[in-house]
Each structure stands twice: as C-alpha cells, then as structure tokens.
Protein chains: 2
Amino acid sequence: MGNKALDKRILSDALARRLPAYYRHVCIMLAEGKQTITSGELEKRIGNTSAQVRQDFFTCGGVENYHPDTLKEWLSGLLGIKKEHHMIVIGAGNLGRAIISFKDFNSDGFFIDAVFDNNLMFDGMQICGIPILNVTSLEDYLAANKVDIVVITTPANVAEEILEKSIKGGVKGVWNFAPVDLRSNDKIEVQNVHLSDSLLTLSFRINEKEFWKNQI
Amino acid sequence: MGNKALDKRILSDALARRLPAYYRHVCIMLAEGKQTITSGELEKRIGNTSAQVRQDFFTCGGVENYHPDTLKEWLSGLLGIKKEHHMIVIGAGNLGRAIISFKDFNSDGFFIDAVFDNNLMFDGMQICGIPILNVTSLEDYLAANKVDIVVITTPANVAEEILEKSIKGGVKGVWNFAPVDLRSNDKIEVQNVHLSDSLLTLSFRINEKEFWKNQI
DNA sequence: ACCAAAATGTGAAAAATGTATCATTTTCGC
DNA sequence: GCGAAAATGATACATTTTTCACATTTTGGT
C-alpha cells in the first residue's frame, strides 16, 4: 500500500488547512452543476498545483473517483462533517454575535445551542433565537448537555479558564478567538484564530514589498 | 554576510505568521515589566522551540539585543506598525461591525475611517462613530482619500469586484473575510481569513483523533 | 574583575513539504 | 468499440523548513 495516512497518524497542518478549501470548491462546483471535477480544475480555482491536489488526496487515502458527489462525500467524511456538531459560544460581544449570526455552518451540521456571558444584563435574552446564559452555569451546562465544540470570544484573561472547564466537561474541540495561544493536547483539539495576528501578517507583507521596491 | 533575508526577498509564510505572535508576546512581557526576554522564554509562551525563535530573528536580519523595548521596536519595524494605516470596511453586517468595534488595532496604528454597504437603510448612520457610506461611492472615496487596507466582509459574489476597485484605487492590501480565495499580486497584498475553513480544520482534527482511537 | 553558567548567532544536518515524472487508467470523439 | 488525448496514482527528486550543534558572547554572583 505504502500510503502515508496509515503510518503517520497525523496529517500535516499544511494539508489540514487545504482540505476545507477543497471541500468548499467542490461544493461550489456541485452547485454549479459540474459533472466532473479534475485536479487541474481545482488547481485553477485554489491556486496550488494539480500535482499537490493529487498528492493530498493520495496522502488522505485516495478517493474512488472525481465525481462531485463522490468527492464531496469523501471530503465530508475526512472533515467529520457528516456528524452533527453541537457548539456553544462563550462571550456575547460583537464577535460572538457575528459568529452566531453566521448561517454558513448550519448546512454542514454545526449547531450553536447556547451563548454564555458574564454580563447579568443579558440574562434571559436571546441572540438569533439562541438563549444567553450566565457563564457561572457553564460547568452545569457541560455536565448536562453534549457539547462538541466551545467557541471562545472572551477577553484573553479568562480564555485559559474556559479551556480547563471545557476539558473537564468532555468537550472535543475549542475554537479560540481570544488573543492567547491555547494548546491542543490529547484531551482536546484547539484551533486558535488570532484576527489581529492576521492583520499584522498582512501589514508585514505590505511593508516587505515596499522595502524591496526602495532597494532596487 | 550570508543572511537569507537579503537574497530571498520574500520571507516564508510560516515565518510571516509567527512574527505577529512574537510581537504580541513581547508586548505582553513589556507590560508585565520584564527587564529581559530570552528566546527560551518565548519558547515557553508560544510553543515553538527557542532555536526557531533565534533562527527566525536571524532570518529577519537579526536584532541588536533582547531588551523588551528593543525587540518591540524591531518587530514593529518589520511588521510596519510604526506607520499609520488607514482602513475601510466593506460590509456593515455582523462581522463588519465586530471588526469595527475591535479596539485592539488602534494602539498599533490601524484606523478605520469609513464603512461601506449597499443597504440604503444604513445611509447616514454610524457605527462606533464611523460613518456608513453607500458602496456606490467607493471609487470616489478611494480616489479622494488615502486608504492602505480594505477589509472585505461582504458575501462571496462581490468580493472579486471590490478587489478590482481596491487595486484601481491604489490600495496596498486587502483583508478578506469573504469565502473566496483572492490572490495577491504585485499590485496588492491579500490576506484571506476563511473562518469557516478554520472551523472545518478543527473538525478534521477532532475527527482524525477519534478515527485513530478506534483503530487501536 | 573573574569565573561559571546561560544565552545567542550561525552553519550544517535532518525532517518535512512540495514538484516533476511517468506508467497506468480513464475519458471522449469518431 | 477503438485509439488518441487527458487525467490519475505513485514514486523519485528538489526545495523548503526546522532542528541540531557548537563557538562566541553575554549575564550574574562572589
């Protein structure tokens, strides 16, 4: 067989970041009514080479054929989209509300069941039909309900504490927007987003480009 | 000299993504009143090895010393933080509002001057003191005002069009939150964020972990 | 001021990632 | 249904990225 997926156990971050893009473009092509998808077509749309697309698919165990439905099904399986994911959001600020109002996820089986905040003012209120609960009840909630993913949109100083409680509550993953670097471990997966960092990376690229223009 | 920064011209994405984290942690340490920073301390806080920190600094041309102020100053220079950056946001939806209400950037010289939307209902309104303008006036605005960075929080189908107008308007960078893969070129730098992709990557990691648990 | 301990800068080795190649398979027009 | 053209799967190769090793420099205690 010689397939890397079977002995490596953990696929590279680079690949893990490309997979959702493959899924996204396959869904678009499916919606466009395309009958066939080729690695060359994915190359054009996504920007990486067709060889890389094929290599990625190979690394992931290979797909039966390149029909849009097959590909979507196969990628769904890899990404865990077939299952339902129950999420809660910690922090009812602007970012929290923005994430709740995103409708994109729902079609892929991601559901937000509750929002938690420490501001008593919110008590009993709802956002987009989702109840806002007091964060003091978080542990009880986790004990009583199945929660797969916790979304952290709190300030930095409480993020670590939320992570601890999530682990104790048997949560599988944390989607962290607080500006701290939470770490994955064998109990929980963490995805740090760091919006500010991303803006600084952009600023860096702009700066770098101008620097080289001046050098010539 | 043999310093890579001088002949490579473009630093790797991996490094470009780490730089903001260095900056963030140096700022925290500075606020904590630390007198000295070591590569080992950055290792503990960020998670990558001290060797990588040193290698990264070396690749970027090297820093005079590891005093917090020097480091912050040096990283600021690399990231282009010393200059003022004028930004506008396209799309006054939830995400747009969330970004506008972020106060984190301002301290680093990033200012949001205006918001654009195609919904006439918003005309004349403000968000956090920032005026909402009609998107039809975007081109005129770009011609009349210095805009460094355009933030796209629109639906996917208009993102490409906004990019074109940004290029024509002399904008240096685009921070794109629409679920399309806009590309950088020699006229403009693009940073795609793709929140949904990041959630799917998390889902993939959770799924992958469970898969291997079942295999043993 | 001196010595020991710790930290840095740098080149080179090792590991990881991406690209190119090509035999085999599939598709498509006739 | 046949043959040319195109696309894939898998290996080999090249490049990039990370880690290692260690001479040199800096720090901190006595």
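Residue numbering restarts at 1 for every chain, and letters A, B, ... go by the order of the sequence lines.
Distances shown here put a side-chain N or O of A:Ser39 below 4.0 Å from the OP1 or OP2 atom of D:dT8. Put simply, B:Arg18 has a side-chain N or O that comes within less than 4.0 Å of OP1 or OP2 on D:dT18. In this model, the phosphate group of D:dA6 is not approached by any side-chain N or O of A:Tyr66 to a distance below 4.0 Å at OP1 or OP2. Contact annotation: B:Thr49 side-chain N/O to D:dT19 OP1/OP2 distance is under 4.0 Å. Note on B:Gln55: every side-chain N or O is 4.0 Å or more away from OP1 and OP2 of D:dT18. For A:Ser12, no side-chain nitrogen or oxygen approaches OP1 or OP2 of C:dA16 to under 4.0 Å.
Closest to the B:Gln52 side chain, of the nucleotides C:dT10, D:dT18, C:dG18, is D:dT18. Checking D:dA7, C:dA20, C:dG9 against the side-chain heavy atoms of A:Thr38 singles out D:dA7 as nearest.
A salt bridge between B:Lys165 and B:Glu161 is present, with a side-chain N of the basic residue lying under 4.0 Å from a carboxylate O of the acidic one. A salt bridge links B:Arg205 with B:Glu208: the distance from a Lys NZ or Arg NE/NH1/NH2 to an Asp or Glu carboxylate oxygen falls below 4.0 Å. In summary, A:Lys146 and A:Glu84 do not engage in a salt bridge, as defined by a charged side-chain N under 4.0 Å from a carboxylate O.
As rounded to whole Å, 14 Å separates atom C1' of C:dT8 from atom CG of B:Asp56. In this structure, A:Leu15 atom CG and D:dT16 atom P are separated by 20 Å, rounded to whole Å. As rounded to whole Å, 13 Å separates atom C1' of C:dT27 from atom CG of A:Asn65. Following rounding to the nearest Å, A:Phe57 (CZ) and C:dG18 (C1') show an atom-to-atom distance of 16 Å. Rounded to an integer number of Å, the gap from B:Glu64 CD to D:dT26 P is 12 Å. Atom CD1 in A:Ile37 sits about 10 Å away from atom P in D:dT8, given to the nearest Å. Going from atom CZ of B:Arg54 over to atom P of C:dG11 covers 14 Å, rounded to whole Å. A straight line from CZ of B:Arg17 to P of D:dT18 spans 9 Å, rounded to a whole angstrom.
Using a 4.0 Å heavy-atom cutoff across all strands shown, A:Val63 reaches sugar-phosphate atoms only and no base atom.
Residue order along DNA chain C, read from the 5' end via each residue's closest nucleotide, puts A:Asn48 first among A:His67 and A:Asn48.
Using a 3.5 Å distance cut-off with no hydrogens or angles, the side chains of B:His85 and B:Asp148 do not pair a donor with an acceptor.
Counting heavy-atom neighbours within 6.0 Å of A:Glu32 CD, excluding the residue itself, gives a total above 12.
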